[in-house]
Visitor: 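Before anything else, here's the structure in question.
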Amino acid sequence: MRVIGIVGWKNNGKTTLVVKLVEHFTRAGLSVSTIKHAHHSVEIDKPGKDTWRHREAGAREVLLATSKRWALMHEMAGEDDAPLDELLPRLSPCDLVVVEGFKRFPHAKIEVHLVERGRPLLAHGDPTVVAVASNHIIDPPPPVPVIDINDIDAIAALALARAEPA
């Protein structure tokens, strides 16, 4: 497995870019998995459902299996966020993992930067950012390539070239 990250400030288009890259890579015949980091509590289970009741009863992990998919829920029980290097081995083998978020982890990353959001570039202070996908010319320019955010072929090529072993 190889890993490439997509990072940026909130509402800069990270998820949109991840989706376009996954579509691009799967059309090219690659097997792709994703990991998404969220800074807020997300409830993927519904109160009252069996799996919710299992967790409420104290189960540390609950695995829900159907004929279409399975999902593993792991309760953190007050622990810190799981680091990326502990989550990657939980994935089944694949060609590429696209990680959304985890900007503090030391893997190669492409930063998404939209001018209208008015946020500073991460690339100016983060040596793990290998490129910036943007909708404008950046001044002062970052120390890495800037690619038009709509040029998915170029972003995908760079992502594959810079992806690192998991």
Side-chain angles (χ1 to χ4, degrees), residues 1-45 69-74 76 79-166:
M1 284 192 316
R2 296 175 49 195
V3 177
I4 189 68
I6 304 298
V7 297
W9 297 104
K10 183 178 179 181
N11 296 322
N12 265 263
K14 296 181 301 292
T15 299
T16 298
L17 181 57
V18 168
V19 168
K20 288 179 180 180
L21 287 172
V22 170
E23 291 170 345
H24 177 94
F25 293 135
T26 56
R27 274 194 311 271
L30 296 175
S31 61
V32 181
S33 294
T34 64
I35 295 180
K36 159 110 175 121
H37 183 260
H39 291 286
H40 53 279
S41 178
V42 175
E43 187 59 60
I44 60 170
D45 209 2
R69 69 189 53 89
W70 62 267
L72 176 64
M73 293 172 276
H74 176 92
M76 297 302 290
E79 301 168 23
D80 291 335
D81 285 1
L84 185 57
D85 57 353
E86 288 181 16
L87 297 173
L88 286 166
R90 293 180 175 268
L91 294 175
S92 298
C94 63
D95 297 317
L96 182 67
V97 179
V98 180
V99 177
E100 181 179 337
F102 285 96
K103 64 182 159 215
R104 303 282 182 253
F105 195 78
H107 61 295
K109 304 171 192 80
I110 298 170
E111 178 179 356
V112 181
H113 188 265
L114 301 179
V115 66
E116 57 270 19
R117 299 292 181 243
R119 299 299 305 255
L121 270 179
L122 300 170
H124 284 305
D126 185 348
T128 64
V129 173
V130 298
V132 175
S134 185
N135 64 343
H136 66 291
I137 295 170
I138 300 173
D139 190 32
V144 295
V146 177
I147 303 171
D148 184 302
I149 198 164
N150 297 307
D151 191 347
I152 298 304
D153 290 338
I155 297 169
L158 187 136
L160 279 179
R162 298 303 303 264
E164 302 170 339

Visitor: If you take all heavy atoms of M1 and L91, which pair is closest and at what distance?
Guide: SD-CB, 4.4 Å
Visitor: With rounding to the nearest 0.5 angstrom, report the CD to CG distance, E111 to L121.
Guide: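 Going from CD on E111 over to CG on L121, the span is 4.5 Å.
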Visitor: Under the side-chain contact (heavy atoms from CB on, under 4.5 Å) criterion, do E23 and R27 qualify, and how do the steps go?
Guide: CA-CA 6 Å; E23 291 170 345; R27 274 194 311 271; 3.6 Å; yes
Visitor: Should the heavy atoms of other residues, nucleotides or ligands under 6.0 Å from CZ of R162 be counted, would the total exceed 12?
Guide: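 12 or below, so no.
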Visitor: So, do E100 and I35 sit near enough that their side-chain heavy atoms are less than 4.5 Å apart?
Guide: no
Visitor: Would you mind telling me which of P143, P145, P142 makes a side chain to side chain contact (heavy atoms under 4.5 Å, CB included) with V132?
Guide: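 It is P142, the one option of P143, P145, P142 that forms the side chain to side chain contact (heavy atoms under 4.5 Å, CB included) with V132.
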Visitor: Should I4 and K109 be marked as a side-chain contact (heavy atoms from CB on, under 4.5 Å) after you check the CA-CA gap, both sets of side-chain angles, and the distance that decides it?
Guide: CA-CA 6 Å; I4 189 68; K109 304 171 192 80; over 6 Å; no
Visitor: Using the rule given for side-chain contact (heavy atoms from CB on, under 4.5 Å), can you reason through E116 versus N135, listing the C-alpha separation, both sets of side-chain angles and the distance that settles it, and then say yes or no?
Guide: CA-CA 9 Å; E116 57 270 19; N135 64 343; 2.9 Å; yes
Visitor: To check you understand the geometry: which heavy-atom pair defines the closest contact between N150 and D148, and what is its length?
Guide: N-OD1, 2.6 Å
Visitor: Atom CG in L30, atom CG in L96: separation rounded to 0.5 Å?
Guide: 7.0 Å
Visitor: Indicate yes or no for a side-chain donor-acceptor contact from R2 to the backbone of P165 under 3.5 Å, with no hydrogens or angles considered.
Guide: no
Visitor: May I ask you to test the D81-P83 pair for a side-chain heavy-atom distance under 4.5 Å?
Guide: no
Visitor: Nearest 0.5 Å, please: how far is OG1 in T16 from CG in N11?
Guide: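 The distance works out to 10.0 Å.
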Visitor: With distance as the sole test, does H113 use its side chain to make a donor-acceptor pair with the main-chain N or O of R119 at under 3.5 Å?
Guide: yes
Visitor: Determine the sole option in I155, V129, V144, V98 for which the side chain to side chain contact (heavy atoms under 4.5 Å, CB included) test with I110 is passed.
Guide: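 Answer after filtering I155, V129, V144, V98: I155.
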Visitor: Determine whether F102 and L87 make a side-chain contact, defined as any pair of heavy atoms from C-beta on separated by less than 4.5 Å.
Guide: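 The answer is yes, as the side chains (C-beta and beyond) meet within the 4.5 Å cut-off.
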Visitor: Under 3.5 Å, side chain of W9 to main-chain N/O of P120, donor-acceptor pair present?
Guide: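 Looks like yes, one N/O pair under 3.5 Å.
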Visitor: Between S31 and D95 (side chain of the first, backbone of the second, donor and acceptor by atom type, cut-off under 3.5 Å), is there such a pair?
Guide: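 Looks like yes, one N/O pair under 3.5 Å.
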Visitor: To the nearest 0.5 Å, tell me how far T128 OG1 sits from L122 CG.
Guide: 9.0 Å
Visitor: Is any side-chain heavy atom of S134 closer than 4.5 Å to a side-chain heavy atom of I149?
Guide: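 No - every pair of side-chain heavy atoms lies 4.5 Å or more apart.
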Visitor: Okay, side chain of H107, backbone of F105: is any donor-acceptor separation there less than 3.5 Å?
Guide: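 Yes; judged by distance alone, with no hydrogens or angles, the pair exists.
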Visitor: Under 3.5 Å, side chain of E164 to main-chain N/O of A108, donor-acceptor pair present?
Guide: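 The answer is yes, because a donor-acceptor pair under 3.5 Å joins these two groups.
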Visitor: For a 4.5 angstrom cut-off between non-hydrogen side-chain atoms, does L72 reach R90?
Guide: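 Yes, close enough: below the 4.5 Å cut-off.
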Visitor: So, for A154 and I147, which heavy atoms are closest and what is the spacing to 0.1 Å?
Guide: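 For A154 and I147, the tightest heavy-atom pair comes out as CB-CG2, 3.8 Å.
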Visitor: Hey, are the side chains of F25 and L160 touching, using non-hydrogen atoms and a 4.5 Å cut-off?
Guide: yes
Visitor: Taking all non-hydrogen atoms of both residues into account, name the closest pair between K14 and V7 and its distance.
Guide: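 Residues K14 and V7, closest heavy atoms: CD-C, 3.5 Å.
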Visitor: Please report the shortest heavy-atom distance between L114 and H136, naming the atom on each side.
Guide: C-CE1, 4.1 Å
Visitor: Would you say CD1 of I137 has more than 12 non-hydrogen atoms from neighbouring residues, nucleotides or ligands within 6.0 angstrom?
Guide: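 Open: at most 12 neighbouring heavy atoms sit under 6.0 Å from CD1 of I137.
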Visitor: Would you call V97 and L88 a side-chain contact if the rule is heavy atoms closer than 4.5 Å?
Guide: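 Answer yes - side chains close enough.
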Visitor: Tell me whether R104 at atom CZ has more than 12 heavy atoms from other residues, nucleotides or ligands lying less than 6.0 Å away.
Guide: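 For R104, atom CZ is not crowded (no more than 12 foreign heavy atoms under 6.0 Å).
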